[in-house]
Number of protein chains: 2
Amino acid sequence: MNIGQAAQASGVSAKMIRHYEAMGLIPQAARAYSGYRHFLERDIHNLRFIRRARAAGFSTAQIKKLLSLWQDRQRPAREVKQLATEHLTDLKARISELELIAQALSQLVEQCHGDERQDCPILDTLAGQDDRAKKFLELHGTSHPRIRSKLPMKK
Amino acid sequence: MNIGQAAQASGVSAKMIRHYEAMGLIPQAARAYSGYRHFLERDIHNLRFIRRARAAGFSTAQIKKLLSLWQDRQRPAREVKQLATEHLTDLKARISELELIAQALSQLVEQCHGDERQDCPILDTLAGQDDRAKKFLELHGTSHPRIRSKLPMKK
DNA sequence: CTTGACTTTCCAACGATGGGAAGGTTCAGC
DNA sequence: GCTGAACCTTCCCATCGTTGGAAAGTCAAG
């Protein structure tokens with residue numbers, strides 16, 4: 001199997017297969033005489049595993065651990081559960097932060113009449129000139145309201 | 001005001017102030033004879049505006065528009081509201097995706113006994129060998145389950 | 001005049017992914 | 001055997017927002 005077929009079969013793009021190889025997430029693929037990589041069923045399974053783990057939002061660092069745990073038949077389920085739990089905690093924290101933002105923004109959008117007039121509570125709030133959204137500013141204005149994201153981008 | 005004081009006063013790091021200037025989000029700062037930038041109250045207001053907008057998860061492209069709307073006293077609130085609404089829609093979509101993932105992962109974590117035994121539904125699911133989490137795979141395994149994130153990273 | 005705290009610019013990295021160039025390989029059709 | 005299409009290779013660059021650092025210049029206090 002060449003890399004294109006492996007990509008097709010696994011759902012991981014050829015680009016990313018090379019990338020995963022380069023970063024050591026998967027072992028160096030065997031090469032044909034020509035230099036072409038070739039892949040076996042076993043590699044496809046690995047790639048599918050990675051695709052699912054990425055879909056679940058695990059970082060490549062976490063996936064590396066998951067893969068080695070997967071390959072180690074002696075591993076205790078405890079370790080896997082711990083890793084997944086940590087990720088889940090991250091996910092929930094991120095959801096909470098996003099929800100806080102969405103809630104505040106939602107409120108502002110509701111309060112904005114949105115017609116041809118010039119006054120707009122959204123801008124006023126961003127400018128710090130509006131007390132109506134004081135909560136929003138307190139929550140997200142002064143501290144570090146950035147949102148951690150381990151999850152990949154969608155186009 | 002030098003850049004350090006502007007950073008202090010606005011809550012935007014000096015690094016980012018330079019970056020925002022370089023990318024055209026804020027106008028080129030006035031320079032002292034020495035080459036040092038100096039900032040006025042007006043600039044600080046701009047920077048605070050940007051900080052709050054970033055906190056609300058707006059992209060720099062969106063903030064650029066918001067800033068120009070803010071400066072334009074003739075702008076209709078309609079435009080601001082539309083921009084905010086689009087962002088809110090994005091936020092909600094992202095939250096939904098994260099919640100789907102969290103839900104599925106949560107279920108798997110619950111099903112994993114997490115002791116010294118070797119069998120683990122989490123790994124089995126990632127490996128595609130477990131039907132218990134069929135839903136999860138259907139939702140996130142075959143399509144493009146990546147999560148768009150316009151929001152900045154937290155360290 | 002020295003020292004330390006500032007500032008400047010430039011270059012690089014993160015993480016996951018995609019785009020594309022320049023060149024080599026394989027295979028089918030003629 | 002030759003040609004062209006469709007593959008493959010490596011390498012560089014871009015995204016997005018942010019941070020880090022290096023090398024050099026500036027300022028103010030001692």
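Every chain is numbered from 1 and lettered A, B, ... according to where its sequence line falls, protein lines coming before strand lines. This one's a predicted model, so the numbers in the text were calculated from it and none came from an experiment.
With hydrogens and angles ignored, the 3.5 Å screen pairs no side-chain donor or acceptor of R117(A) with any backbone N or O of A77(B). Panel note: side chain R78(B), backbone D115(A); no donor-acceptor pair is recorded below 3.5 Å. When atom types are taken as modelled, the side chain of Q71(B) and the backbone of S68(B) share no donor-acceptor pair closer than 3.5 angstrom.
Here dG17(D) presents its P atom at 9 Å from CD of Q62(B), a figure rounded to the nearest Å. Distance CE (M1(A)) to C1' (dC7(D)): 15 Å, rounded to an integer number of Å. Following rounding to the nearest Å, L47(B) (CG) and dT18(D) (P) show an atom-to-atom distance of 13 Å. Rounded to an integer number of Å, the gap from CE of M16(A) to P of dT17(C) is 4 Å. Protein atom CZ of R54(B) is 9 Å distant from nucleotide atom C1' of dT18(D), rounded to whole Å. Counting to the nearest Å, the C1' atom of dC7(D) and the CD1 atom of I3(A) are 11 Å from each other. Distance Q8(B) CD to dT7(C) C1': 16 Å, rounded to the nearest Å. dG18(C) atom C1' lies 15 Å from atom CD1 of I17(A), rounded to whole Å.
With sequence neighbours left out, the salt bridge (Lys or Arg N to Asp or Glu O under 4.0 Å) criterion links E110(B) to no other residue. Under the salt bridge (Lys or Arg N to Asp or Glu O under 4.0 Å) criterion, E79(A) pairs with no residue at all, not counting sequence neighbours.
Between the axis at the start and the axis at the end of the helix from dC1(C)-dG30(D) to dC30(C)-dG1(D) there is an angle of 30°, using five pairs per end and rounding to 10 degrees.
For R18(A), whose side chain is taken as the heavy atoms from C-beta onward, the closest listed nucleotide among dA16(C), dT10(D), dG18(C) is dT10(D).
Dashed line: the shortest gap from a side-chain N or O of T60(A) to OP1 or OP2 of dG15(C) is not under 4.0 Å. Between S13(A) and dT17(C) there is no side-chain N or O to OP1 or OP2 distance below 4.0 Å.
Mapping H38(B) and A61(A) onto DNA chain C by nearest heavy atom places H38(B) at the nucleotide closer to the 5' end.
Within the structure, ring-ring contact (aromatic ring centres under 6.0 Å, His included) contacts touching residues 2-46 of chain A (residues at least two apart or in different chains) do not occur.
Remark: H19(B), Y20(B) in residues 19-30 of chain B come within less than 4.0 Å of DNA chain D through at least one heavy atom.
Taking CG of L67(B) as the reference point, atom CG of N46(B) lies at 5.5 Å (rounded to 0.5 Å).
Donor-acceptor pairing under 3.5 Å is recorded for the side chains of E86(A) and Q82(A).
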>> Can you build the contact string for nucleotides 22-28 of chain D? Use B for base contact, S for sugar-phosphate-only contact, and - for no protein heavy atom under 4.0 Å.
In response: ---BBS-
